[in-house]
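Scroll down for the structure; my scribbles are underneath it.
Only a predicted model underlies this, so the values are computations on that prediction, with no experimental measurement involved. Chain identifiers are assigned alphabetically (A, B, ...) following the order of the sequence lines, protein sequences preceding nucleic acid strands; residue numbering begins at 1 within each chain.
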Protein chains: 2
Amino acid sequence: MRRSKKDRQQLLLETIGENPFVTDEELAERFEVSVQTIRLDRLELSIPELRERIKSVAEKNLSDEIKALPIEEIIGDIIDIELDKNAISIFDVKHEHVFKRNGIARGHHLFAQANSLAVAVINDELALTAKANIQFTRQVKEGERVIAKARVENRSLPGRTIVEVDSWVGGELVFKGQFEMYRSNIDEKEV
Amino acid sequence: MRRSKKDRQQLLLETIGENPFVTDEELAERFEVSVQTIRLDRLELSIPELRERIKSVAEKNLSDEIKALPIEEIIGDIIDIELDKNAISIFDVKHEHVFKRNGIARGHHLFAQANSLAVAVINDELALTAKANIQFTRQVKEGERVIAKARVENRSLPGRTIVEVDSWVGGELVFKGQFEMYRSNIDEKEV
DNA sequence: CGAACTATTATGACTAGGTACTAATAGTAG
DNA sequence: CTACTATTAGTACCTAGTCATAATAGTTCG
């Protein structure tokens, strides 16, 4: 045994988690076991075969697109949403989001996350940002995870909705914005 | 012939475009032709097989680096710049920048262009946005060219610089923002 | 009329990346 | 020694195709 069964299976989960596109054959080579062993492992761990994995990734994508009234191209992953009330999204700051020179996240990514969330939380297909008032209260670095929390204010004008978005890294406030959103379905009943 | 070859192939393109998960067999039933005919059609139209289609949908989704924003160092092309004074950039609104639903540009792209320009115009390697006050004054559609003009205000505070950015499409103002930028190379503490 | 051509269908051999099942072997524990 | 686990091997079968070849039906040209 190169590794214990348990270790290998743990690694297998991680490996497939990172890259669902890997075949049993490739995995067998990587772990220096036979293809059959990999298949037994997958069976025990209830990991579906390659094609099913790919399919589910694709379906997840497609279903996002279908249900995509507001959620078309959100920056960050929405993990919780209650339309017209509040929403939370996560955005992991990666290498491509930061200034090369100092590793600090470019402001527009934080803005994009907040703006996306503000658009998404509004229960309106055509929500658009009209104005925004924002502050970057702390610099965000590569590798940090930004949690944005949006809440819709009640004191909204007709046809306009105010959304407050606060973004946090750990316990620290890194971004604060007030978004004035235009909405189209002012007094209409919508589905 | 139930339909002409041309009609069927046109419909085939649309059908697969709407639902890439459909098999040749299902298509054959739908169009009342043999599976072989469907395959010939796909060959002529260069439509890849089901598995390849699913895979590409999945891959598109998985590369959230692309999804997260293909934002390089600068959004838009800077066509004129005078450090600490003013700068101009051009940003062409393409398909990937707009809401699918209505073809209106997502606010964060206009913000990103303006923010990028505000950072660039500051004669400081480590310029960062501290606050911004922005307005989206007119909707921008796919295909339009946005010209952003940044000018640095003199009335800046120590360690801070105010940059005004106005963005235009043709003669119309589409975006207006006031950016308060940090700068490090004034005798201030490191940021 | 027959030859030429297009469109369609059928057939068979082969492929990747599996599932499901059976069987053999190596190594360890009681 | 026996029981058991872990691993490997092999076979048949599956889906959703590719590729090549051939047969057939219908139409058009001369």
Side-chain angles (χ1 to χ4, degrees), chain A residues 1-68 72 77, chain B residues 1-68 95 100:
Chain A
M1 283 186 244
R2 285 110 257 182
R3 288 182 194 81
S4 78
K5 190 182 176 182
K6 233 179 179 177
D7 283 1
R8 190 189 56 238
Q9 293 195 341
Q10 184 54 43
L11 268 167
L12 193 69
L13 274 168
E14 288 169 21
T15 307
I16 295 178
E18 277 168 34
N19 173 24
F21 296 82
V22 65
T23 63
D24 287 358
E25 203 172 345
E26 287 165 349
L27 290 163
E29 278 174 36
R30 189 166 316 176
F31 295 119
E32 297 177 83
V33 291
S34 70
V35 175
Q36 285 75 6
T37 301
I38 296 295
R39 288 181 180 161
L40 274 175
D41 285 346
R42 278 200 299 99
L43 199 70
E44 287 176 19
L45 299 169
S46 304
I47 300 172
E49 65 167 282
L50 172 66
R51 289 157 187 160
E52 293 305 315
R53 295 196 300 267
I54 291 180
K55 205 170 164 185
S56 76
V57 172
E59 272 165 353
K60 194 176 148 199
N61 183 351
L62 204 77
S63 72
D64 280 356
E65 217 166 19
I66 288 165
K67 123 183 145 184
E72 283 183 26
D77 298 320
Chain B
M1 281 186 249
R2 285 111 256 181
R3 288 182 194 83
S4 78
K5 189 182 175 181
K6 235 179 177 174
D7 283 1
R8 189 189 57 237
Q9 292 194 344
Q10 184 53 44
L11 267 167
L12 193 70
L13 274 169
E14 287 169 23
T15 307
I16 295 179
E18 277 169 33
N19 174 23
F21 296 83
V22 65
T23 62
D24 287 356
E25 204 171 345
E26 287 164 351
L27 291 163
E29 278 174 37
R30 189 165 317 178
F31 296 118
E32 296 176 84
V33 291
S34 71
V35 174
Q36 286 74 7
T37 301
I38 296 294
R39 286 179 181 163
L40 274 174
D41 286 345
R42 277 201 299 99
L43 198 69
E44 286 175 21
L45 300 170
S46 303
I47 300 171
E49 65 168 280
L50 172 66
R51 288 159 188 159
E52 292 307 313
R53 295 197 300 269
I54 291 180
K55 205 171 165 185
S56 76
V57 172
E59 274 167 351
K60 203 168 144 195
N61 196 24
L62 201 75
S63 60
D64 43 276
E65 299 174 24
I66 291 166
K67 193 179 174 184
H95 191 65
K100 281 170 195 157

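Rounded to an integer number of Å, the gap from Glu25(A) CD to dA9(D) P is 13 Å. One atom, CD1 of Ile16(A), and another, C1' of dG17(C), lie 13 Å apart when rounded to the nearest Å. Atom P of nucleotide dA16(D) and atom CD1 of Ile38(B) are separated by 15 Å, given to the nearest angstrom. Rounded to whole angstrom, the span from the CZ atom of Arg8(A) across to the P atom of dA6(D) amounts to 9 Å. Look at CG on Asp7(B): it is 11 Å from P on dT8(C), rounded to the nearest Å. Between Phe21(A) atom CZ and dG18(C) atom P the separation is 13 Å, expressed in whole Å. Glu26(B) has its CD atom 14 Å from the C1' atom of dG17(D), to the nearest Å. A straight line from NZ of Lys6(B) to C1' of dT8(C) spans 19 Å, rounded to a whole angstrom.
A distance-only check finds a donor-acceptor pair linking the side chain of Thr15(B) to the backbone of Leu11(B) [under 3.5 Å]. Arg51(B) places no side-chain N or O within 3.5 Å of a backbone atom of Arg51(A) that could act as its donor or acceptor partner.
Taking Leu40(B) as the reference, nothing meets the side chain to side chain contact (heavy atoms under 4.5 Å, CB included) condition, with sequence neighbours excluded. Here Asp41(A) pairs with Arg8(A) under the salt bridge (charged side-chain N to carboxylate O under 4.0 Å, His left out) rule; sequence neighbours left out. Considering only residues two or more places apart in sequence or on other chains, Gln36(A) meets the side chain to side chain contact (heavy atoms under 4.5 Å, CB included) condition with Ser34(A). Legend: residues meeting side-chain hydrogen bond (donor to acceptor under 3.5 Å, both in side chains) with Arg39(A), ordered by chain and number and at least two apart, are Asp24(A).
Listed by residue number, Leu40(A) are the residues of residues 40-52 of chain A with a heavy-atom contact under 4.0 Å to DNA chain D.
Put simply, Ser34(B) has a side-chain N or O that comes within less than 4.0 Å of OP1 or OP2 on dT9(C). At the phosphate of dT9(C), OP1 or OP2 sits under 4.0 Å from a side-chain N or O atom of Thr37(B). For dT9(C), the OP1/OP2 oxygens have no side-chain nitrogen or oxygen of Arg39(B) closer than 4.0 Å.
When each of Thr23(A) and Gln36(A) is assigned the nucleotide of DNA chain C bearing its nearest heavy atom, the one mapping closer to the 5' terminus is Thr23(A).
Pairing each heavy atom of Phe21(B) with each of Glu26(B), the nearest pair is O-OE1, 4.3 Å.
Interatomic distance, CG of Leu12(A) versus NZ of Lys5(A), reported as 12.0 Å (0.5 Å rounding).
Residue Lys5(A) places its side chain closer to dA6(D) than to any other of dA6(D), dA7(C), dT18(D).
The environment of Glu25(A) atom CD is sparse: at most 12 non-hydrogen atoms of other residues, nucleotides or ligands sit within 6.0 angstrom.
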Check: When you check every protein heavy atom under 4.0 Å of nucleotides 23-30 of chain C, what one-letter string (B, S, -) results, 5' to 3'?
Finding: --------

